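Since this is a predicted model, take the numbers as computed values, not measurements. Sequential numbering from 1 along the given sequence is applied to the chain's residues.
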Amino acid sequence: MGPAPIPEREPQVITHIVDERTRRLQQPASTVITAIQADPKADLARERSAASFPSRELAALMVGGEDALALRERIAEAVRGNPVFSKKGKYYLERAELYRTTLEKYLALPKLALSLGEKDPIAVGRIIRELIDEPGGLDLHLGMFIPTIQGQGDEEQNKHWMPMCTRLQCIGTYAQTELGHGTYLRGLETTATYDREKEQFIIHTPTLTATKWWPGGMGKTATHAVVMARLFTDGKEHGPHPFIVQIRRNEDHQAMPGVTVGDIGPKMGYNAVDNGFLRFDHVRVARRSMLMKHSQVDADGTYHAPPVAKAAYGTMVFVRSDIVMNAALYMKKAVSIALRYNLVRRQSNPGGQTASGGAGTPGLELQVIDYQHSQRSLFPILAKAFAFHCTSDFMRRMYFKYEKTSRTNGDFSALPELHATSSGLKAYCSWATKDAIELCRLCCGGHGFMTSAGFATTFGNYAPNATYEGDNNVLCLQTARYLLKVARAAAKAAKAGAGADAVPSAAGNTRYLLEGTGGSKAAHSPLGGAGVGYRDCDALLQAYAHASRRQVIAAARAAGACSPDEAMSRDMIAWIKVAKAHCAYVVLLNFVDAVAETKPRVSPATAAVMERLVALHALAGMDDQMGDFLEDGHVSAAQAAGVRSEINHLLAELRPDAAALVDSFALDDYFLNSALGASDGDVYRRLYDEVQDAPFNKSHVPPGYADLLHARLIKGAGRSKM
């Protein structure tokens with residue numbers, strides 16, 4: 001027999017009455033507790049008032065001026081006031097509803113952007129998309145499908161496709177990754193075979209591993225795809241090329257004949273995005289379905305190779321550059337939440353000594369941020385967020401300069417360095433940001449593990465950056481190949497007695513490889529020496545350059561005359577480490593340059609706090625990788641101790657500015673969507689209120705109660721009194 005059925009009656013409502021005598025008995029104990037309570041809102045307000053610089057000045061500088069900052073605030077206000085964009089209950093949504101509400105926001109975005117009446121509604125739309133902060137089914141349409149057509153389609157193809165793309169008369173995705181192949185483009189197995197008689201390409205999936213796998217928007221949303229397939233004409237292969245293929249009918253969204261398409265299922269995160277799979281069974285498309293800006297196939301099957309072998313890398317480089325830009329944003333988000341919470345959370349040691357040497361408030365537990373470990377964990381992330389912001393600006397300028405010269409002059413000479421830089425920085429910045437998000441969560445204790453804290457979705461949605469658009473280790477090797485090329489050119493020029501001008505590949509971020517001792521012997525760092533403090537930017541840059549140069553030259557010498565492929569394969573770990581050291585130098589260089597450039601345009605107080613951040617970023621990076629600086633004696637053991645001591649001084653100096661520095665990121669509460677990171681500091685009220693509306697709390701009766709618990713619990717009714 002099954003369990004006894006639950007009687008169908010309304011739950012009995014028991015009124016709880018507290019009599020006056022009970023209240024009087026409890027009051028003294030309540031008074032003791034409330035007397036030592038701190039108000040988190042007051043704590044955060046006090047922190048802001050203690051800042052040494054005006055946070056709004058720095059916030060305006062970060063976004064391009066006061067007008068730009070005011071515009072972002074106006075956009076955020078409009079988004080918050082539109083019910084379609086509400087994030088209420090977002091953390092409790094099932095996947096289907098999360099997909100639907102995210103799509104609804106994206107579709108409402110153009111109307112809202114236009115309603116604000118700004119001259120550039122596309123720029124407004126980008127800010128709204130940033131505020132939504134949820135990748136969805138249209139992400140690859142906007143971020144890959146459209147840019148690929150713009151960058152690799154000829155003029156006629158752009159005129160045909162772009163109006164439909166912008167009106168969403170077609171929705172695209174970018175189908176490159178396969179079940180069996182990812183980063184290795186030449187290994188893709190999907191084929192495009194040209195039929196001269198019918199002037200068509202046959203798109204085919206010849207193996208299981210040729211199945212396209214992972215493209216965002218493919219699972220449910222897209223009607224079209226840019227399909228990367230290996231091109232064959234007259235039996236000859238020409239490598240991977242892009243083809244626009246319709247995969248679903250516009251009329252009813254059913255799969256096109258010969259197309260098998262669907263969703264790959266739940267992931268660790270990123271679940272508003274319908275990542276999909278795609279197979280083709282001898283699907284025919286028109287000859288002009290191949291994007292033909294760089295390569296062409298004539299009606300008679302004649303193939304025309306691109307003028308520059310890697311000209312089609314433009315879209316890929318754009319996406320990697322975009323990942324570098326996003327790394328700064330999500331590091332800012334994570335550290336904003338963690339720092340605001342650490343500023344108001346109190347833990348242990350009432351009235352004790354703070355890390356800075358001061359005394360806490362008598363009777364009150366110390367703010368968590370006043371423990372040195374909290375500062376050493378979070379302040380370097382704060383500094384790195386600023387460094388990545390400056391690096392992302394550099395990356396954006398570098399890309400758009402190349403895009404302009406290649407488009408207007410047909411000059412692709414900057415592509416090798418751009419490809420190497422974007423590859424390395426994509427890996428370096430996405431690794432660092434992924435790790436920073438998790439460290440920020442850990443710094444928030446148990447509350448950081450709640451979805452309402454914001455870390456779970458931030459990590460789940462950001463973590464794929466470390467794997468998509470190229471595995472990070474493989475991308476490091478792309479950078480390493482370029483560094484090997486520069487090192488060999490530099491060695492050849494030095495042997496011939498030629499100067500730096502003889503190595504044009506070292507004219508940009510790799511120029512430092514031509515300087516110094518060439519790695520033959522250690523040049524001792526002047527850090528901490530006579531007249532050179534530990535915060536000296538030139539000495540810090542010199543140390544980073546030396547550490548990278550030494551590793552590049554050592555790895556190049558070990559490679560001898562072997563091919564780049566053999567060198568990377570034989571000494572892969574060393575070359576990946578080389579790329580990381582190079583990227584660390586590039587990030588620091590851009591941070592130093594950016595602060596130096598803006599210093600005359602800000603108040604002395606703001607300039608001073610930025611200089612502290614530069615010094616902390618550089619010194620903390622040295623401390624974390626001290627072996628690279630100690631290995632050849634460039635830095636001594638005494639200097640290593642001096643670095644740690646200077647870090648502690650910087651932590652103490654930055655402590656009063658922690659709240660203001662977070663405010664200077666100007667991240668709206670709507671974007672943060674965090675009970676711990678809201679700008680008013682009211683963390684406990686938000687945490688409590690958030691769970692009251694949770695679907696799981698709609699009823700006291702749990703799922704499975706009738707079948708699993710009722711028969712047991714009913715036997716204990718009335719027996720709980722001692």
Side-chain angles (χ1 to χ4, degrees), residues 37-51 55-56 58-59 62-63 69 72-83 85-93 105 127-128 130-134 329-347 367-369 374 378 381-382 385 436-437 440-459 461-462 657-694:
Q37 263 208 324
D39 178 2
K41 293 189 292 182
D43 278 343
L44 194 53
R46 189 189 67 254
E47 291 289 342
R48 289 192 172 103
S49 68
S55 63
R56 190 167 183 89
L58 183 52
M62 297 276 283
V63 298
L69 179 58
R72 292 181 74 91
E73 291 170 341
R74 193 160 74 87
I75 293 169
E77 184 180 4
V79 171
R80 287 195 307 271
N82 189 317
F85 291 89
S86 172
K87 293 184 180 180
K88 185 175 177 59
K90 172 186 169 180
Y91 293 133
Y92 302 112
L93 296 179
K105 290 180 177 69
I127 294 171
I128 296 173
E130 176 186 302
L131 287 165
I132 293 171
D133 188 32
E134 186 66 62
L329 176 64
Y330 287 98
M331 189 173 283
K332 291 175 193 175
K333 179 183 180 183
V335 79
S336 293
I337 296 170
L339 268 174
R340 281 180 177 162
Y341 181 62
N342 274 239
L343 284 163
V344 303
R345 174 71 172 183
R346 292 179 177 272
Q347 186 71 48
Q367 293 162 264
V368 173
I369 198 64
S374 172
L378 293 176
I381 296 175
L382 179 69
I437 294 168
C440 286
R441 180 192 72 80
L442 291 171
C443 287
C444 293
H447 291 338
F449 196 65
M450 296 189 67
T451 56
S452 58
F455 292 116
T457 54
T458 300
F459 184 86
N461 288 341
Y462 188 81
D657 290 321
L661 284 167
V662 166
D663 287 348
S664 71
F665 291 147
L667 301 179
D668 195 83
D669 284 351
Y670 173 85
F671 168 73
L672 293 175
N673 197 26
S674 169
L676 303 187
S679 57
D680 65 1
D682 200 8
V683 296
Y684 303 116
R685 174 57 55 190
R686 276 193 166 78
L687 282 169
Y688 184 81
D689 288 348
E690 179 83 19
V691 301
Q692 304 313 305
D693 294 329

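One finds a salt bridge joining R56 and E73 here, because a Lys/Arg side-chain nitrogen approaches an Asp/Glu carboxylate oxygen to under 4.0 Å. A salt bridge between D43 and R345 is absent, with no side-chain N of the basic residue lying under 4.0 Å from a carboxylate O of the acidic one.
Between D680 and L44 there is no side-chain heavy-atom pair separated by less than 4.5 Å. Looking at T458 and R441, their side chains never come closer than 4.5 Å, going by heavy atoms from C-beta outward. At least one side-chain heavy atom of E47 sits less than 4.5 Å from a side-chain heavy atom of Q367. For the pair L58/D663, no side-chain contact is recorded, criterion being any heavy-atom separation below 4.5 Å from C-beta on.
Here the closest non-hydrogen pair linking C443 and N342 is O-ND2, 3.0 Å. Looking at every heavy atom in both residues, V691 comes nearest to Y92 through CA-OH, 3.9 Å. Between A338 and C444, the shortest heavy-atom contact is CA-SG, 3.6 Å. L676 approaches A453 most closely through the heavy-atom pair CD1-CB, 3.6 Å. The shortest non-hydrogen separation linking R340 to A678 is CD-O, 3.8 Å. In terms of heavy atoms, Y670 sits closest to L131 at CE2-O, 3.3 Å.
For the pair S86 (side chain) and P83 (backbone), a donor-acceptor distance under 3.5 Å is absent.
Atom CZ of R685 is surrounded by 12 or fewer heavy atoms from other residues, nucleotides or ligands within 6.0 Å. By the neighbour-count criterion of 12 heavy atoms within 6.0 Å, atom NZ of K90 is densely surrounded, having more than that number from other residues, nucleotides or ligands.
In this structure, D669 CG and R80 CZ are separated by 7.5 Å, a value rounded to the nearest 0.5 Å. Between the CD1 atom in I369 and the CD atom in Q347 there is a gap of 14.0 Å [rounded to 0.5 Å]. How far CD1 of I337 is from NZ of K332: 14.0 Å, rounded to the nearest 0.5 Å. Remark: I437 CD1 to M331 CE distance equals 8.0 Å, nearest 0.5 Å. From N673, atom CG reaches atom OG1 of T457 across 7.0 Å, with rounding to the nearest 0.5 Å. The OG atom of S55 sits 11.5 Å away from atom CE of M62, with the distance rounded to the nearest 0.5 Å.
Partner of L329 under the side chain to side chain contact (heavy atoms under 4.5 Å, CB included) criterion, out of F671, F665, Y462: F671 alone.
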- Message: Determine whether K333 and D133 satisfy the following criterion, side-chain contact (heavy atoms from CB on, under 4.5 Å), listing intermediate values before the conclusion.
- Response: CA-CA 11 Å; K333 179 183 180 183; D133 188 32; 2.5 Å; yes
- Message: Between S679 and R48, does the side-chain contact (heavy atoms from CB on, under 4.5 Å) criterion hold? Intermediate values first, please.
- Response: CA-CA 11 Å; S679 57; R48 289 192 172 103; 3.9 Å; yes
